[in-house]
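Data block below; observations after.
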Amino acid sequence: MNDRVWIFDTTLRDGEQSPGCSMTVPEKIKLARKLAELGVDVMEAGFPIASDGDFEAVDAISREFHWVQVAALARSCTGDVVRAARALEKAKRPRIHTFIATSDIHLKFKLKKSRQQVLEDAVAAVTLARQYVDDVEFSAEDGARTDPGYLEEVSKAVVAAGARTVNIPDTVGYSTPDEYGELIGRIVKVLGDSAVVSVHCHDDLGLAVANSLAAVQAGARQIECTVNGIGERAGNCSLEEVVMVMKTRNDRYHYKTGIHAEHLYAVSQLLSSIITFGVQPNKAIVGRNAFAHEAGIHQDGYLKEKSTYEIIDPRSVGVPEGRLVLGKHSGRHALKSRCEDLGFVLTREELDTVYTEFTTLADRKKGIMDEEIVKLIERIAKTAAAQVAG
Ligand code: MN
């Protein structure tokens, strides 16, 4: 089986529609430029029926980034599909992404439609979308909670109507890797080579990345994800994490993506500067502490050989270098190394004095800045000079 996994970025759509993440059209274009550099295969630029801003964003991104596949979202109804098609008019590689919920819970309480009606709506939307573009994706919203037999039926019907990609989202982040992998395996088996099976996982139980990987192992070949994992509620599958698992553990996950990982940190930083929040410091891959070491034993090992405590070269994801954070858990070795980096070669006695003062300071304060270390050394040097003079 083909080992290429398509990265479908939905930072500008699912991500953008979550609290605190609204972006203006110019901001979306700025981010889209970085996403194109990063090498995403498909960029979902918006939901054109939802607002004029979304329509404009899809239109503008379609004009500007003609080498990327640009997707626009549409519910499975005429108005939405036509609006998405209009927004994509200028795209060289347009994709209409149409969806309808398929789980009984959504059918009963939200859509108030029968399974047969939903199936017909899905087929009609895909058929209509195919009149505008060749590349149509269908999503069975709440797919992970949909009856598998019905999901197979819908999947076959939309492919027969012309969909090239069938996405099975875990819309509410409820599935587990084994369960989701099994479901995806069933759909892959039913569709064979007739369509690409895609996954779209939410992180309500912290399983979005694990579920996406389980799905890929079961035969899915497109992952929908977002930068920094932003998105509805607890967010989507994090792009940087899922890509780096496949890269770092290629021995277990023998897949390739088109992502140029060295841009990951810059895209993450840009997104944080546009929306109202950044990532938590301990976020994998792009968090401030992702490559920081403070514990003495760790710092000592790291200084002797990086691979003792570092599984990814920070530069490979665009982070300038691993960071040793000097704090109360740091040892002499790390302090000596930092002093040398700062231009101070200390004798054993000097280091002892600096170290004693440093630990006193570190007891009161979390994380000691380089400037504070410089001040400390200078003060100690001055005292020593005064003692000699006296
Ligand atoms: Mn979603």
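Order of appearance sets the numbers: ligands from 1, and atoms from 1 within every ligand. The basis for the numbers below is simple: all heavy atoms, side chains too, and nothing from hydrogens, waters or symmetry mates. This one's a predicted model, so the numbers in the text were calculated from it and none came from an experiment.
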Task: S330 versus Q299, side-chain donor and acceptor atoms under 3.5 Å - done: yes
Open item on the list: For the metal site, I want the angle between atom NE2 of H202 and atom NE2 of H200 with the Mn ion (ligand 1) at the apex, to 10°.
Closed with: 90°
Open item on the list: If I take every N, O or S atom of E232, is at least one of them less than 2.8 Å from the Mn ion (ligand 1)?
Closed with: no
- [ ] Output the atom name for the N/O/S atom of D14 with the smallest distance to the Mn ion (ligand 1).
- [x] OD2
Task: Approximate separation, where rounding is to 0.5 Å, of Y150 OH and Q116 CD - done: 7.5 Å
Task: Atom NZ of K110 with >12 non-hydrogen neighbours under 6.0 angstrom - done: yes
Open item on the list: Are there over 12 heavy-atom neighbours, none belonging to R164, within less than 6.0 Å of that residue's CZ?
Closed with: yes
